[in-house]
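Here the structure comes first, spelled out in structure tokens, and everything after it is commentary.
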Amino acid sequence: MKKSFLTFFFIFSLFILPQREVSGQIGRGTPQFRAISGVSMGGYGAMNIGLSHPNLFKTIASLGGPLDMAYLFKYIDVDQLGNYDNLPPYPGRDTRVKMLQDLSISFGNPVFFNPASTYFPPGITDANARIPTALLNFIDGAVNPDGRLRVITYEDPAPGDWVEVLLAADLNNNMIRDFGEPVLRQFHEPFSDINGNGIFDLGEPFFDTGLDGVFGTNDFGERDGVFTYNPHRENFLAEDPLSHLQNLPIDLLQGLNLYIDAGTLDEFQFNIHADNFARALQARGLDIAVLNGFPNSFPNVSHFVQNRVLVKYIGGHVGFNKEDIGLSFQGVIAGALGGLLVANRFTTLFAFVSDKFPGGEFGTNPIELLFSPSAMRVSSFFSPSLNRIMNFGIYLPPGYRDSPATFYPVLYLLGGYNMSISNLAGPGIKAALDALILSGEMQKLVIVMPDGINFKNGRGHFFVNQIDQVRGDNFMDSFFDLVTHIDANFRTK
Ligand SMILES: [Ca+2]
Ligand SMILES: [Ca+2]
Ligand SMILES: [Ca+2]
Ligand SMILES: [Ca+2]
């Protein structure tokens with residue numbers, strides 16, 4: 001009896017007592033001491049959430065993320081699908097197709113407008129998306145103007161890998177998409193790209209044919225007198241960092257600390273997003289320090305007095321997919337150069353954020369590190385928006401455990417596409433954070449890593465409330481559930 005009571009009490013204290021703390025209001029959660037940042041997809045999420053909630057976050061940072069959704073639209077259309085059989089080897093076409101599926105879940109299919117589904121192309125449903133399906137009389141001005149060709153569902157790259165959100169023209173009638181067979185694109189009405197930027201600009205001649213590119217079919221947008229985009233584009237623009245930046249009241253925008261980095265050879269052209277972002281700031285009369293390369297190389301740490309900084313590093317897209325930041329740190333410490341760039345990018349981020357938190361507790365010592373060590377772990381909380389328990393990673397600085405009267409600033413760190421929090425919240429990055437605090441380069445702060453994986457398909461969700469509630473969910477709301485949980489359960493400033 002006694003043993004079962006103890007067991008009961010143990011389980012009770014594990015599950016019930018921590019939840020009691022939720023009502024405790026222990027953290028303050030002041031915007032000045034709250035930063036949001038991310039890498040790649042998470043960099044987008046950080047800028048999108050941060051710039052649309054300037055009352056919650058004073059410091060916002062994106063490491064190599066998409067920031068200009070109109071440009072992303074053009075990139076997917078012209079550079080990615082327009083170049084389908086000759087894409088750069090990294091990341092593979094498989095990953096790019098999966099990302100397109102996940103963008104379609106988040107914002108609606110950018111390629112096709114189908115009144116019956118935000119996800120599938122016209123004529124495609126759950127019943128025929130993953131089997132060989134031929135659509136007859138599928139009109140497409142560029143590929144199939146007379147509807148003579150069969151338009152098909154297809155697998156890519158492997159059998160069973162149905163692309164679901166794209167269609168191809170089957171030139172040789174074998175019900176398979178062969179190399180060179182065109183992938184259909186109906187992002188917008190046809191236009192003459194006079195200035196060659198791939199984007200429709202006001203004054204450029206267009207054909208008011210509707211999205212299918214052919215007169216006389218009476219499809220969406222035909223003969224309405226205006227240039228017509230796929231309506232899903234509006235969903236992308238509603239969650240667009242660049243538009244947020246353009247629409248923010250200037251006094252709010254001016255009060256934000258903004259940090260961006262971008263690789264000059266980025267395979268997704270996110271460097272162009274960063275340039276457009278910097279130009280949009282300048283167009284609002286705000287300067288931004290633009291640097292070619294990091295001022296200091298790891299293990300030396302770069303600091304900035306400026307409140308708005310863009311660092312352009314020479315290199316491609318890093319930090320994407322399963323890039324292990326912790327391993328990169330460990331590799332650099334061990335003398336390998338491969339991880340140097342990743343280490344540089346993260347120490348610069350941490351230092352920028354730390355420098356923008358006023359005051360703060362700097363320094364630790366070997367005794368504190370030994371007797372009141374930092375903690376890095378994957379924890380969980382109940383997210384009312386998703387009605388389920390969600391994981392998150394958390395770093396608590398040295399001394400946190402034994403300083404019950406001390407409150408700390410918080411940095412939210414959002415991971416890249418398919419990056420797991422167990423990968424992010426690992427021992428390598430913990431050691432690097434401890435070292436930054438020990439050397440006084442960074443003040444003691446709490447770092448929180450939300451889960452960037454859509455539990456319905458195991459892939460990235462872009463940290464938005466997704467349009468497709470069958471395949472997706474409200475991940476932005478869930479992020480704010482996490483912020484509430486952190487302020488209620490941890491000593492945030
Ligand atoms: Ca074929
Ligand atoms: Ca143009
Ligand atoms: Ca038409
Ligand atoms: Ca039109």
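The analysis underlying the following values was restricted to heavy atoms, covering all of them including side chains, and did not include hydrogens, waters or symmetry mates. One-based numbering, in listed order, for ligands and for the atoms of each.
- Here the CG atom belonging to D156 is positioned 4.0 Å from the CZ atom belonging to R93, to the nearest 0.5 angstrom.
- Because the distance cut-off is set at 3.0 Å, N173 fails to qualify as a neighbour of the Ca ion (ligand 1), as none of its N, O or S atoms comes that close.
- The Ca ion (ligand 3) sits nearest to atom OD1 when only the N, O or S atoms of D219 are considered.
- At the Ca ion (ligand 2), the vertex angle linking OD1 of N195 with OE2 of E204 is 70° (nearest 10 degrees).
- Checked against the Ca ion (ligand 2), the N, O or S atom of D193 at the shortest distance is OD1.
- Under 4.0 Å is where a charged nitrogen must lie from a carboxylate oxygen, and between R471 and D126 at least one such pair does.
- With rounding to the nearest 0.5 angstrom, the CD atom of Q101 is 8.5 Å from the CG atom of L166.
- With 3.0 Å as the limit, G196 does not count as an N, O or S neighbour of the Ca ion (ligand 2).
- Geometry about the Ca ion (ligand 2) gives an angle of 80° between OD1 of N197 and O of I199, rounded in steps of 10 degrees.
- Centred on the Ca ion (ligand 3), the angle running from D212 (OD1) to E222 (OE1) is recorded as 180°, rounding to 10°.
- Across I314 and T264, no two heavy atoms sit closer than the pair CA-OG1, 3.3 Å.
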Practice task
Show the numbers, then the answer: is there a side chain to side chain donor-acceptor pair (under 3.5 Å) between H273 and D266?
Solution key: CA-CA 10 Å; H273 293 239; D266 189 288; over 6 Å; no
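- Under a 4.0 Å N-O distance rule, the pair D68/K74 does not qualify as a salt bridge.
- Distances from the Ca ion (ligand 3) show that G141 has no N/O/S atom below 3.0 Å.
- Aromatic ring orientation, F294 versus Y313: parallel (interplanar angle below 30°, classes split at 30° and 60°).
- Residue-level check: among N/O/S atoms of D201, OD2 sits closest to the Ca ion (ligand 2).
- Here N218 fails the criterion, with no N, O or S atom under 3.0 Å of the Ca ion (ligand 3).
- With K98 as the partner, the side-chain hydrogen bond (donor to acceptor under 3.5 Å, both in side chains) test is satisfied by one option alone out of D102, D94, T95: D94.
- The distance from the Ca ion (ligand 1) to the nearest N/O/S atom of N174 is under 3.0 Å.
- When you scan the N, O or S atoms of D170 for the one nearest the Ca ion (ligand 1), you land on OD1.
- Closest N/O/S atom of D178 to the Ca ion (ligand 1): OD2.
- The aromatic ring centres of F73 and Y229 sit 6.0 Å or more apart.
- To the nearest 10 degrees, the Ca ion (ligand 3) sees O of T209 and O of V214 at an angle of 90°.
- Among the atoms of I176, an N, O or S atom falls under 3.0 Å from the Ca ion (ligand 1).
- Checked against the 6.0 Å centroid criterion, the rings of F463 and F479 do not qualify as a close aromatic pair.
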